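Below is one structure, written out as structure tokens; comments come after it.
A, B, ... follow the sequence lines: proteins, then strands. Residue 1 opens every chain. This is a predicted model, so every value here is computed, not measured.
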Amino acid sequence: MPNIIQAVRGTQDYYPEEMAVRSWLYAKMRQVSESFGYQEYDGPFLERFELYAAKSGAELVEKQSYVFEDRGGERITLRPELTPSLARMVATRQRQLTYPLRWWSFGPFWRYEKPQKGRTREFFQWNIDMVGEDSPEADAELATIAASFLKTIGLGANEAQILVNNRQLMQAELEVLGISGALRSEVFGLIDRKDKLSAEAWQARGSELGLDAAQLLGIEKLLTDQDLWKKSETLQRFFTAVEAQGAADYVRYAPHIIRGLDYYTGTVFEAWDTAGEFRAIFGGGRYNDLVNAVGGEPVPAVGFAVGNVVISLLLQALGHAPDVSGRAPIYITVFDADSLAASFSLAAELRAAGLNVTSHLQADKLQKQFKQADRSGAKLVLVLGPDEVAQNTVNVKDLRSGEQRSLPRAELAAELQKLLA
RNA sequence: GUGGAUGUAGCUCAAUCGGCAGAGCACCGCAUUGUGGAUGCGGUGGUUGCGGGUUCGAUUCCCGUCAUCCACCCCA
């Protein structure tokens with residue numbers, strides 16, 4: 001073991017068990033996306049550094065991106081997120097596209113961070129966005145998709161919740177407290193941290209930013225006001241639309257949700273496990289200025305991104321991990337060296353009939369072959385020995401029940417289909 | 001990027017004050033030459049993460065390094 005070259009820090013090996021979970025998630029993401037009429041797309045994994053420079057959070061761009069110079073001297077970035085690429089793709093074909101766009105994607109991303117539980121340097125993300133529609137109903141559609149996804153992967157409303165707020169509402173409330181301009185984004189950061197810091201530390205940091213006691217008190221009051229959303233017509237329409245689509249049990253208002261990325265302009269949301277044991281499952285919101293920021297005409301957009309790491313850990317912790325053996329349900333043994341060819345041709349015959357079949361490759365003791373079959377997850381084990389050949393049958397043992405019987409060769413494929421149904 | 005904890009068999013973990021590196025599970029074999037799971041018996045498997053130092057002697061003490069985990073930071 002000491003001599004094995006180590007994997008790159010923060011990367012993850014996907015052995016078949018983990019790969020099965022990733023593929024399963026991908027399939028669920030596809031299913032939910034398509035059920036709402038969204039089309040799959042993808043951007044390049046490499047982008048110019050400038051694409052992110054002024055658009056994402058400073059931390060993300062300056063400290064967490066993989067940046068290198070290619071052989072032609074270009075500054076290239078391994079994409080840390082997809083939204084700027086989406087904005088660029090929209091800006092490039094701005095006049096050719098039919099709006100609203102409903103697009104989704106699943107692929108790898110890289111961020112140079114210190115790896116921890118639920119946080120790796122290479123990870124996969126589902127991105128889903130609606131572009132060209134600026135309405136609370138569009139925001140609500142994305143939240144409903146998010147809720148539908150949680151439900152589809154087996155998470156109940158008691159296990160995960162989508163928390164919603166609106167930046168314009170918060171901005172207006174802060175104006176009332178005399179907070180605006182450059183200070184506003186600092187205060188957004190402070191609000192984001194309310195739950196994470198002690199009361200004293202939080203107040204101390206607020207004072208550092210130049211807030212007076214009355215302003216701090218005012219912010220604290222805002223953050224406990226669960227009815228604050230009623231002041232926002234946008235959020236009222238949002239919640240009405242969410243409720244009409246049957247997703248209300250997953251979605252609720254939370255005044256402290258603000259999001260870290262700078263490009264959000266309106267409604268924002270995050271999903272959390274209700275037990276509070278993991279970091280955010282996903283986050284997203286409305287970003288109406290981004291296409292403009294990459295050089296296109298202004299186009300409104302809303303969307304969210306789900307990473308595969310936290311959600312996989314959460315599913316495992318809650319016992320919802322999918323049952324994904326992935327191995328063939330039929331295992332064909334080799335009775336002796338002389339019957340190897342006969343077993344192979346039986347396997348080929350069954351595969352031609354559409355069955356998934358694993359072939360044992362040599363005449364080991366049947367005991368060993370049955371053991372391997374059992375461990376591979378096979379449900380049915382076939383034996384083709386002298387007795388079977390003489391009677392033109394195949395012996396079939398069902399490992400689940402332990403029962404076995406001889407089936408006529410001519411009816412074998414059809415019978416196996418029935419046993420597996 | 002800052003602070004802290006932990007690295008011993010494939011996995012989970014022991015090893016007294018610095019004195020022969022162990023157990024359970026897993027794996028392989030036999031009991032069982034046409035049949036998996038259960039049981040019994042036996043067996044394989046170690047550069048104690050890596051490198052250096054102190055010592056007669058280091059899993060143990062010290063330094064460095066790599067990795068994992070935790071809290072910050074940030075975020076999927």
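- A pairwise comparison of heavy atoms in Val187(A) and Ile219(A) identifies CG1-CD1, 3.8 Å as the closest pair.
- Evaluation of Phe123(A) against the base of A76(B) yields a stacking contact (centre distance < 5.5 Å, interplanar angle < 30°).
- Between Trp103(A) and Tyr41(A), the ring centre distance stays below 6.0 Å.
- When the side-chain nitrogen and oxygen atoms of Arg375(A) are compared with OP1 and OP2 of C28(B), one or more of them lie within a distance under 4.0 Å.
- Closest approach to the Arg119(A) side chain among C74(B), C28(B), G34(B) is made by C74(B) (side chain taken as heavy atoms from C-beta onward).
- Proximity of residues 391-401 of chain A to RNA chain B (heavy atom under 4.0 angstrom from any strand atom) is restricted to Asn395(A), Lys397(A), Leu399(A).
- Checked by atom type, the side-chain pair Glu122(A)/Tyr66(A) shows no donor-acceptor distance below 3.5 Å.
- At the heavy-atom level, Gly189(A) lies nowhere under 4.0 Å from the strands shown.
- Mapping Arg205(A) and Val306(A) onto RNA chain B by nearest heavy atom places Arg205(A) at the nucleotide closer to the 5' end.
- With A71(B), G36(B), U68(B) as the choices, the nucleotide that has an atom nearest any side-chain atom of Lys114(A) turns out to be A71(B).
- In this structure, of G34(B), A76(B), G36(B), it is G36(B) that holds the atom nearest to the side chain of Asp374(A).
- When all heavy atoms of Ala378(A) and Leu399(A) are compared, the closest pair comes out as O-CD1, 3.5 Å.
- Helical stems involving RNA chain B, defined as 3 or more consecutive Watson-Crick or G-U pairs under 3.5 Å, span B:1-7 with B:66-72, B:10-13 with B:22-25, B:27-31 with B:39-43, B:49-53 with B:61-65.
- Nucleic acid contact class of Ile311(A) (heavy atoms, under 4.0 Å, all strands): none.
- Listed candidates were C28(B), A76(B), G1(B). Nearest to the side chain of Val309(A) is A76(B).
- Comparing Leu366(A) and Glu122(A) by the nucleotide of RNA chain B that holds the closest heavy atom to each, the one mapping nearer the 5' end is Leu366(A).
- If you measure from atom CZ of Phe282(A) to atom P of A76(B), you get 12 Å, rounded to the nearest angstrom.
- A pairwise comparison of heavy atoms in Phe109(A) and Glu81(A) identifies CE2-C, 3.4 Å as the closest pair.
- Counting non-hydrogen atoms under 4.0 angstrom, Ala280(A) reaches the backbone sugars and phosphates but no base.
- At a cut-off of 3.5 angstrom, the base of A31(B) holds no donor-acceptor pair with the side chain of Gln367(A).
- Residue Lys365(A) is classed as a sugar-phosphate contact, given heavy-atom separations below 4.0 Å to backbone atoms only.
- At the heavy-atom level, Thr120(A) lies under 4.0 Å from base atoms of the strands shown.
- Ser135(A) places a side-chain N or O within 3.5 Å of a backbone atom of Ala138(A) that can act as its donor or acceptor partner.
- Among the atoms of the strands shown, none is found under 4.0 Å from any heavy atom of Phe124(A).
- Rounded to whole Å, the distance from CD on Glu388(A) to P on U35(B) is 12 Å.
- Within the nucleic acid shown, Val383(A) comes within 4.0 Å of at least one base atom, counting heavy atoms only.
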Output one letter per nucleotide in nucleotides 39-44 of chain B: B when a protein non-hydrogen atom lies under 4.0 Å from the base, S when only the sugar-phosphate is that close, - when neither is. ------
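- Across all strands shown, Gln372(A) has no heavy atoms under 4.0 Å from either base or sugar-phosphate atoms.
- Using a 4.0 Å cut-off between a side-chain N of Lys or Arg and a carboxylate O of Asp or Glu, Arg286(A) and Asp134(A) qualify as a salt bridge.
- The distance between atom CD of Gln64(A) and atom P of C73(B), rounded to the nearest whole Å, is 13 Å.
- The pair Asp374(A)-Lys397(A) fails the salt-bridge criterion, with no side-chain N (NZ, NE, NH1 or NH2) lying under 4.0 Å from an Asp/Glu carboxylate O.
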Show, in sequence, the C-alpha distance, side-chain angles and deciding distance for Val396(A) and Leu412(A), and conclude whether the side chain to side chain contact (heavy atoms under 4.5 Å, CB included) test is met. CA-CA 9 Å; Val396(A) 178; Leu412(A) 184 61; 3.9 Å; yes
